[in-house]
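Structure first, then comments.
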Amino acid sequence: MAARPGPGVGELVLLEKLLGLPKGSKYGVQGERKIPVLQTNSGPGLTGIMTIAAYLVKQAKKEQLLGSTAEEKAVVQQWLEYRVTQVDGSSSKEDTRIILKDLNIHLEDKVYLAGNVFTLADILMYYGLHHIMVDLTVQEKEKYLNVSRWFNHIQHYPGVRQHLSNVVFIKNRLYTNAH
Amino acid sequence: MQLRVPVRGPAALKVLAAAGAAAAPVQLVWGGPSEPPRAPLRPPWAPALELDSGTVLFSPNAICQFFFLTRGDEPTDLSNQWLEWEATELQPAATAALYARLVLGRTALEAAQGLGKLLTHIEQSLARRGAAFLAGDTPSVADVVVWGTLFPILQDENSLPSELQALRTWFQSMTLLEACRDAADSVLMPKALLEFKSYLQKQPPPCLAMQRATSNEPEEEEGSERALTEEEIAAAADAWARGAAALPKPWQPQKPVLPVEGMRNVLITSALPYVNNVPHLGNIIGCVLSADTFARYCRLRNWNTLYVCGTDEYGTATETKAVEEGLTPQEICNKYHTIHADIYRWFDISFDCFGRTTTPSQTTIAQDIFQRLLARGFLLQDTVEQLRCEGCQRFLADRFVEGTCPFCSYEEARGDQCDKCGKLINAVELKNPQCKLCRGVPTVKPTQHLFLDLPKLEERLEAWLEQSWATGDWTANARYITRSWIRDGLKPRCITRDLKWGTPVPLDGFRDKVFYVWFDAPIGYLSITANYTDQWERWWKNPQQVELYNFMAKDNVPFHSVIFPCSLLGADDNYTLVNHLIATEYLNYEDGKFSKSRGVGVFGDMAKDTGIPADIWRFYLLYLRPEGQDSAFSWSDLMLKNNSELLNNLGNFINRAGMFVCKFFGGTVPNMVLTPDDKRLLARVTLELRQYHQLLEKVRIREALRCILSISRHGNQYIQVNEPWKRIKGDEKDRQHAGTVTGVAVNMASLLAVMLQPYMPSVSLAIQGQLCIPPDSFVLSHDFTCTLPPGHRVGTVSPLFQKLENDRVEALRRRFGGGQPEDLAVEPQAKQTPSASQPPPAPETLMAPIDSQRLQELTQEVARQGNHVRQLKANKAEKAQIDMEVAKLLELKKQLALAEGKSPEVSVPKGKQKK
């Protein structure tokens, strides 16, 4: 029942620009959830964010963003799926809390979602979380410290943020007594 | 690499099939991990692939992808698309279908129909591309993933409708693949489906159409309208004619209430609130108010009912609070016990006794249970290293120590947890520990503690649970939480503590210790009853005659379903164990949490200060009782529900019914000559009444409330259609009809007064007073009878509810914090500005309703269109045509609802939901 604008075409356009692809792809949407559809030269087109994003990455010949080894590729797949099922499916504050908690634990010992390499998973997760992070209080940002560190890192990654607002993170901890 | 498969379900099926197809060298481990996963990312049933690098994959599809990658199959755009579609579209629907199949007992064909469009999507893709498999001419990861999700539901291609020919062929060839066959053999078929069923049963039902069977959406009404048979109508008219004499006499139990041979004896407990917190609205709806509503319902059913509760007073928290406030623990308890008792009195909670745990009975009973456990060998002794302060001459409970965090070196870490890094700490690991009381330096000393040997009791527990689950009503979350506790393995639990404020341990070597509060607190139910009557054992050692209901929020479940039953089973004294464990989810406050420290939320002692009557609070809390899922308190919603449901619907109907008797018939209920239409209404009301009983017998408190509102909605419509205010001015026949309508309406109001009593006792009492309902009619049966016969005199009728104004509610919101207006954006119905969405309040009597002409036209149009739709359905007209006409009907109903000043949401269709 979330009333916020759904994920979709907008972020794919951002991704195209980030990848340095020429403008002009034709997008449509499908069904109640407004799933993006990309018109391609052959066949009925591609449906779904994960699918289209992976296609765009291959078009731009930046396959390393999908992972290099079988393991990395599976991990990227896993986080893209998490993004479209859990993050996009969240509808309450409680859901959001669980997601941030999950990610915070996962990112505790990692620079990027897939470990030490920047991948498509980071890009789409960043786009998917942006509206959530914008609304967090300073205290919450501190609580999900690892997510904040990762998010701040990704939003400063060249070309990722584009017109999206910069989310401000405070360097000094304020809530040392917070429970 | 190791593949761990905790539950034999669809996810297990696909990962095993993929591993087989790729001939991957995996070490297969069945069952859950010995330690809970560090990251809660994956649900407990999800398989996990632990790679040699230490990476763990938890998404079934990603695991399948990995296996195919290792054999050299790179993903293609098409296989990616199937995987994404499977995760976002197919899986949620398949879970619901599997639930329908296994838990609700639907056939494979019916379950497949539930997947409807999704199966058609596969069929069309296969047919259009003419390939044998989803992403090409050979099986790929896409095929395995989709097949694994469908197989448990369909099992063989014959469950598929024959027109899905391509899908049938594909499904058959998949099932015949060696890897898939092997996976199915080892994972599922057919016995393991039962295992998966028991897992599903413990889950909340998937939130698709499954749960709607009992809601009261307009389309459903349509269904119940059709469902009325001639027999039902005749039976309703007969029951009506029998009058109040047919009702059972209200049962007045002797005081103290004791079990009575031959009666249904219901013992109800509400979780004991911890004494030094002021309860907030979430606490109140979570246990005391829910239990109260159910207890009141039981009494109206003439069940012999005892409802006990009290404050839980022992423990560290009280002791620390006492130090803070400079009082003795006993003084703290006395102070807060009074606060609690006052709050519950204000909320009109009908405890038979509201006691406390710091009484001699508590000591006697707790020590007796302890001695019995000891004598039967269910207690263990073990040495624990603990900090001791020589200055205070005591071992220090975790909260009594502070020091430097061993992880992050924060200097003010508490003994159980560091506030800075959030990690849990074992108090003995603190660097530079300090006694919080005297600031002395404690030293680590061994100390003896006693443990309840849960592993030894596990077998008895399981046997008892099986029996209790088979015969009782446990909420889904209670079953789920209990099952996961047992699955994680029971360990001995320490039952003693180095404190002073508690029940002393009656054993040499432990005399300076007390019982740990979780062992002690549930015994409070028994001791509080013992303070109520010296014959308490007739309730608590009498499982043959007594049915026990425990009400609580879900965080309390393990103590009531595992630990306390283990204590009682081990003590082996024929104790009454819980039959029905009713656990709620959480109530949030305006999309956040209640927080005393941040001053956010409404707490029990403040509700009174809002000037909003207790019954309105009760109504709204019960209306959004977190049954099945979390819900959120919202000020604007409170206002909306008060103004639409209470004022415009319920209050308006009852008030009009009473006013007609006063104005047109001099305060005397007129003669009634029932027409077929009137009898149909009686049957409709009877249906709602029965539904109300069915729901409340299963403690579905929130849903049963909808039946009450539904009856008054029928009543409003009845008055609106029949217009007694006009007919009273007509000829003899019209006047007689006006009398009949008024008489039936006022009797409906009388029925509503009784049905409402568990929810809003003061309002119920007010209606009883206004209509002079005889006390003997204040009892619930399964029939709607005429309790206010012709000649009955009513009293003075006045409005029951007041409108809540936007300004006032906004002021309250500001006062209690939370919920900035933009936060409400996630809540569509609250987003409309109240002034725009609020219909004007209904005038006290709708003698000349605003635009009554239009209302009447609309009502007639709705009736005509309804008939038209029924006709079409009866004649098996084409679906498209029916759908179009139903859409028209809904639009008309919406207009009517708006014209009548109801909240528009009651008439918004919930989408198509068939069968």
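Naming: A, B, ... by sequence-line order, numbering from 1 per chain.
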- side-chain hydrogen bond (donor to acceptor under 3.5 Å, both in side chains) involving B:T584 - partner list, sequence neighbours excluded: none
- Select one option (side chain, backbone, both, neither) describing which atoms of B:I63 are under 4.5 Å from chain A's heavy atoms. neither
- Item | Exercise: identify the closest heavy-atom pair between B:S59 and A:E81 | OG-OE1, 3.0 Å
- For the residue pair B:E84 and A:T47, establish whether any side-chain heavy-atom pair is separated by less than 4.5 Å. no
- Engaged part of A:S92 at the chain B interface, taking heavy atoms whose separation is under 4.5 Å: neither
- Item | Heavy-atom pairs under 4.5 Å with chain A, option from B:L49, B:T70, B:N61 with the top count | B:N61
- Message: Checking A:K73 against B:E74 for the side-chain contact (heavy atoms from CB on, under 4.5 Å) test, could you report, in this order, the C-alpha distance in whole Å, the side-chain angles of both residues, the deciding distance, and whether it holds?
- Response: CA-CA 10 Å; A:K73 286 173 186 171; B:E74 288 293 321; 2.9 Å; yes
- Task: Could you tell me which non-hydrogen atom of B:L57 sits nearest to which non-hydrogen atom of A:A74, and how far apart they are?
- Result: CD1-CB, 3.8 Å
- Item | Contacting moiety of A:I35, where chain B heavy atoms sit under 4.5 Å | side chain
- Task: Starting at OG1 of A:T69, measure out to CG of B:L51 and round the result to the nearest 0.5 Å.
- Result: 9.5 Å
- Message: Measuring from atom CG of B:N80 to atom CG of A:L66, what distance do you get when rounded to the nearest 0.5 angstrom?
- Response: 8.0 Å
- Query: So which heavy atom on B:S53 is nearest to which on A:E71, and how close?
  - Reply: OG-OE2, 2.7 Å
- B:R129 versus chain A, heavy atoms under 4.5 Å apart: side chain, backbone, both or neither? neither
- Task: Any pair with a residue in residues 53-68 of chain A that passes salt bridge (charged side-chain N to carboxylate O under 4.0 Å, His left out), sequence neighbours left out, goes on the list, sorted by first then second residue, please.
- Result: A:K58-B:D77
- Item | Proximal component of A:Q78, with respect to chain B [non-hydrogen, under 4.5 Å] | both
